[in-house]
Each structure stands twice: as structure tokens, then as C-alpha cells.
Amino acid sequence: MQRSSPPSSDPSAAKAGPRGPVLELRDLVTRFPGDDGPLSIVDGVSLSVASGETLAVVGESGSGKTMTFLSAIGLIPPPGRVTSGQVLLEGTDLLTHTPEQLRAVRGERISMVFQDPLTGLNPVFTIGEQIVEVLRAHRKLSRAEARKKAIELLERVQIPDPGRRVDDYPHQLSGGMRQRVLIAMAISLDPSVLIADEPTTALDVTVQAQVLELLAELREESGMAMVLITHDLGLVARHADRVAVMYAGRVVEQGSAKAVFEQTAHPYTLSLFRGVPSLDTDTAQDLIEIEGQPPDPAFLPPGCAFEPRCFLGQGRASCQATRPGLQPTLGTEHQTACLHSAELTATRARA
Amino acid sequence: MNADLRSTGEHETLLQADDLSKVFGGRGLLFRRSRPEVRAVDKVSFSVRRGETLGIVGETGSGKSTLGRLLIRLLDPSAGRIVFDGRDITGLAQGRMRKLRHEMQMVFQDPYGSLDPRMKVGAIVAEPMLVHGAERSGIARRTAEILEWVGLSPAMAERYPHEFSGGQRQRIGIARAMALDPKLLILDEPVSALDVSIQAQILNLLRDLQRQSGVTYIFIAHDLAVVRHISERVAVMYLGKIVETAPRERLYAAPRHPYSASLLSAVPLPNLRAERQRKRIALYGEIGSATALPGGCRFHPRCFKARLVAAAGGVATTALSKDVVVPSRCTDSEPPLADDGNGHFAACHFPLDPNGAEARDSAPFAAGQSRRHS
């Protein structure tokens, strides 16, 4: 259930963790100007994540998953603009912050790791200099103290021989090592929330596993909340406590990992599960396709955005009439934005 | 010393590579500067049967893409031999090679970069037919047919590539490659740039085209699940070498090379219960560099099996560092790609047992692995 009252007084929040949600987005809307009026790239997204918890946000390109969190931390690229909603970080609304206040919050209390480890690092400075810069921008530390802390951080992200590596330039490191450096920078100020946006998509599978295990360890040690933005359902299965599935700028299903995987309540989620080859799928069968392609935000249908591609709702008047909002399914913690989710039980049984 | 993977008997070989190598760098011709030598592909031998799909998997730096480009002669091999359809094409001049390209085509990962943005889709698909001297009158009809075949409407021939989505662009790339009814299609990461919901469409299309035309595929990718879905046989590459090759079921159920086993265990399954019960085999460090190949077996610095064999005793050992000891055979001699008698080849001195139990039960668990990378 989306929390509608402040986290401190909400009983359902208490269940999520001892301190309730650390980060909570409420009805977030981000618009970009389009040819025929503004387009809602993020369209009323409500999500929350508690300390020590991993929330996986799943979606394809254009689903709004990255834009949602860029909006939340005030990094939405112009001409995009957050037009309504709240972003509560430990109870305070970041959307009321000035740019200076936001800068102070980023890194300090909430930080983000991106997909491409090369663009996040400046090629002309050593990795040590870059970590020192982050530390000294937020903390009163001497250069020597900051360098010592930088070496400790490199050690924490399991970079071998950190005392020597600290003087390396980014190009001297492998992709996996560069991503570790970015993670070191992201956790250098002990943030309460770490947002990892496709952190391992550019990495090989063996390195990917190592980097994600590192993130899981850091989360356990520090108790920070983690948001894992990904398209890889295998990673979601391995790492997520809760899952939110996004499509066309909205959350279409969310709940515990167990509920979303085992009692899937949205046809889009189910189609993703069935259409992705895995190491245990039956190779004699063709994959079950999702027809068509993700919608263009400028041409969203008036009804459910997934209706034109949906095996359940395609052509159904009820689906074409209005865009359904998130509704609880069996438990209040598991929600779906599908009018006909009850029919999925039968589909699942056949699958 | 290289195992010979020539097919025997009933199936006919379409393409065969013998000891194929590609070395980049070395002494520069112009300024005589010496750059480090990169052995991107190092004495690789295999064959592909008519009508089958051979999957080639490997991580960055494994040489799999270089291998694909060598096979179709977009790169010239440094050594070795390529036989295509009974004919040695290794030394074929580029002009004669171009004529042969209607029989072997390539589809690339990036459907944006590989289509000329100034050409209409119809012209893109028709171009290979024009180049190979097809009759103009037939081309328009054939273009429409092919577009329809790959799931695009013939009316789309009048549009430009930028008007299409990534998945549609990949269909155009496939249409162009199939225009001359090739015998072999080399597909280099054809779905890795696509959204997950589009990948299934393209994989199904490829299978469908093969069922209808009998075209042979070499499918190169890093995604083990995708390769498993489309390939009958799979070859695993590591630092320029094929380290294992086997029929799909055997490779995935009972990998015999420790690298293949580690790689497979690292792939997360999109299934909550199965995934959380699974263990990931420890893999030490990161893929090495082809400029400084380890001696002996090139996988030995990262291999869990070598450590286990050395620890069990009874073999001569070599210490790599204070706490890493491996059998001396692994550091001293390069294991040949050897057949186990059932078409399952592995290049390992101490291959995993053939029933898969060893990879499942005795391999070390990654979560408990040392925090230091050895």
C-alpha cells in the first residue's frame, strides 16, 4: 500500500524496517516539453525503500526508471522538470531544497552509481585525487587525512593493493575496478541511500557477480538502503527484497520479491518472465514474445499503456477506456495496475 | 596438437577453421615502433555443419568478435586456414572474397551503426542484390518479400533507418544479410543492444528463418542464456582460445572446463527460489590480458580446480604466490582441446567429471571467497 501519512505515524511503515522508509517518493511527476504539450516521462511514481533493504526497479529503456531517480536527486536534465510530488529523504522533502542544499545532500545522504564507469571518472586525475576531492568537499579533512581515507575506501571495495592503486589513472583500471572506484566514491560519505543504476550492465558476467556481491556486503555492513535499477530479472531474483516494475513512466506492479516472482500480478511482468531466455528454459519452444515495442511517450494510448501489447487486455474496452492505477492484490503490500490481474492466476497455473 | 573438430559422417561441414590465429600489434611497419603483441585469436580450430547453429560465448577480451571477423575475412588471419563450402578461402583476394560474400554474411550488434542513415530501407536491403548483379526487375519484388519475411511491412521500404526502433533496425540488418540467400550468417551480439521484450522477437525470427531456409548460423554472444536458446553446439572462448565445445545440453548440464563451470554459475536465474539456493563458483581475479598470457593453461591463475587438485596432493605443484598453489602441469604445458569420445571437447589437464556433480558439489562457494583477489 502506498503510504499516505508521514512515515513516523504509519503502521505499515514500521513493518518495512525499524526506522521506516529512508527514501520515499510520492506521486512524482516529471515532464519534458513535447511538440503537442508536455510529456510526463515520470507519471505519478510512488516508491519507498527502507534501511538495509534493496528495492529493485525493473523496466526497459524509456520506462522512466532512471528518470525517476534523477528527478528525486535533482539531476533531471533540462528542459525536463519535476512538476509535482514529494521526495522524502528521512522525512524532509528534497523538492523544497535549493540547488545548494541539494548539492550538500547528494553524496552525503543519498548517492548514485551509474552504468558506465568510464564517464563517471575524470581521465586526467588519479582515482585517489577524485575520491579526496569528494571527501574534502563535504568534510573538514587535511589532504593527508583524506588520502588515508581514500585508501581505506579502496580497500573496502576490495581493490587489491589499494596503497598503490590510489595513484592510478582511470584508464589503468579494468571496467570492474573502475566501477568499484565509483562505488567507493558513492559510499565515501556514508549515505543512507545508494541508488545503483544498471551498475553492472557494462561488465562481464563474472565481474558483474563480484560487483553486486560487493554492493550487497556494503549494504549489510552499513545498513544503507539500496535502489537497484536494472532490466536483468536474474539480478532481481538474486538481490532484491522488494521489486517495482515500471512501464511507460509508471509503476505497474510492486511488492516483495516473493510476491512479484511467484504471484505475478501484471501481464507485463509475466511477459518479461516468460520472454527472457534463461539457463533453464525449454529450448525446443520458441520464446513467448511481447508484440510491438515500448510506447512512445508522445503517443500514449488513453487507456492502459500496455494494452496494445497485452496478451490479456489487447482490444478489451475496459483496458482501452482508462489507465488503471495501482491497486492492492491479495495483500496490501503487493499492488498491480491491471484491471484483470485475477485472470493471471489461471495463466500462471498453465505456465 | 590441436584437436580436430571436423565433423564425421552424416553431416556435411560448411565451414572449418584450422589453427586460426590473429595477432595484433608487434613491430610497426612505418616507424618501427614495437607495440605489445596481442594474440586475440590463438590457434583456434573448429567446424560448423550445414544447417546447424554454433554458439560462441566468451567475455570481453576472449577474442570471439575477432574470430567472427576472421571467418568472413573482414580481418586477415595471421596464421591458419579457413575452408568454406569445400574451398580454402584463407588467401582469397578481397575482390574474389566480395563475390563470395553473398554466401556468407554478417549481422552486427549495433543496428544503428551498421545501416547507412542516408539510404532508404528498400535500398539498403536491395544493395547486396545490385552488387551481385541480380536483375533489376526482380529486385523490388524480392525486397518486398524479404521485408515481409523478417516481419516488416513492404511499405517500410520507402522509409529511412532513423524512423525505426532498435528491434526493427535489427530486422532490417537481418533482411539485408538474408537478401542473397546466404549459406552462412555470422551474428555478432545481434540482440545484446535490444530491450528484453524485443530480444525474444529477434531470437524467434532467427530460428524461424533458419527453419525455412536451412541457413547455418555462427552466433557470437556474451549472454549464456541467449546462446543456449539458439545454439545446437556451443564453444566457450577464453583469452583467444576455445577452451570447451560440446552439444548444448552437455555443455550446460555438465561443463568439463572449470572456466565454463564458473561462467555458468555466475549467470543469475530469473527464478527466485532457484536463484537463492544456487551457489556461485569462486573465480579468482579478472580476465587476464592477451598481451601478457599466462604460461601453460591460460586460465590457471583464476582456476578453482587447479587449486583443489594441488591441495589434494599427489601431483607436482608450483606456487603462484604465498597462498596460491597449482599443479605444475597447469603452469608448464598448454592443455590440448581433447575429445571425451562423445563430441565433448575440453582443454583442461584436470577436467571436471562428466556427470556435472563436481561443479555442483565440490567447487568452492564464491560468497565465502577471500576478500583479497589473489
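Since we're looking at a predicted model, the values are computed, not measured. Just so you know, these numbers use all the heavy atoms, side chains as well, and skip hydrogens, waters and symmetry mates. Within every chain, numbering begins at 1; the chains are lettered A, B, ... in the order of the sequence lines, protein sequences first and strands thereafter.
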For a quick test of reading the model, state the closest non-hydrogen atom pair linking [X] to [Y] and the distance between them.
X: B/Leu272; Y: A/Glu262; value: CB-OE2, 4.0 Å
X: A/Glu60; Y: B/Asp195; value: OE1-CB, 3.1 Å
X: A/Thr206; Y: B/Leu283; value: CG2-CD2, 3.2 Å
X: B/Ala200; Y: A/Ile288; value: CB-O, 4.3 Å
X: B/Val196; Y: A/His231; value: CG1-CD2, 3.8 Å

Best-contacting candidate, [options], against chain B by heavy atom pairs under 4.5 angstrom:
options: A/Leu272, A/Asp280, A/Val236, A/Val276; result: A/Asp280
options: A/Asp204, A/Val207, A/Leu233; result: A/Asp204
options: A/Asp296, A/Ile290, A/Leu279; result: A/Leu279
options: A/Ala284, A/Gly275, A/Ser278, A/Pro294; result: A/Ser278

Do [X] and [Y] have side-chain heavy atoms sitting under 4.5 Å apart?
X: B/His229; Y: A/Gln285; result: no
X: A/Gln210; Y: B/Arg280; result: yes
X: B/Ser197; Y: A/Arg309; result: yes
X: B/Leu203; Y: A/Glu289; result: no

Identified side-chain contact (heavy atoms from CB on, under 4.5 Å) partner of A/Val205 from the options B/Val57, B/Asp223, B/Leu263: B/Leu263

B/Ile230 versus chain A, the contacting section by heavy-atom distance below 4.5 Å: neither

Segment of B/Arg228 engaging chain A (4.5 angstrom heavy-atom cut-off): both

Partner chain A: residue of B/Pro270, B/Ala225, B/Ala266, B/Ala274 with the largest heavy-atom pair count (under 4.5 Å): B/Pro270

When B/Arg273, B/Glu275, B/Glu249, B/His222 are compared by non-hydrogen pairs under 4.5 Å with chain A, the top option: B/Glu275

Worked verdict on A/Gln293 versus B/Gln201 for side-chain contact (heavy atoms from CB on, under 4.5 Å): CA-CA 10 Å; A/Gln293 49 206 309; B/Gln201 297 176 0; over 6 Å; no

From CZ (A/Arg238) to CG (B/Leu269), nearest 0.5 Å: 8.5 Å

Test side-chain contact (heavy atoms from CB on, under 4.5 Å) applied to B/Arg207 and A/Leu287, step by step: CA-CA 10 Å; B/Arg207 280 168 47 136; A/Leu287 296 166; over 6 Å; no

Residues, nucleotides or ligands: over 12 heavy atoms within 6.0 Å of B/Asn355 CG: yes

Portion of A/Gln208 that has a non-hydrogen atom of chain B nearer than 4.5 angstrom: side chain

Side chain, backbone, both or neither of A/Leu212 within contact of chain B (heavy atoms, under 4.5 Å): neither

Residues A/Asp286, B/Arg211: salt bridge by 4.0 Å N-O rule: yes

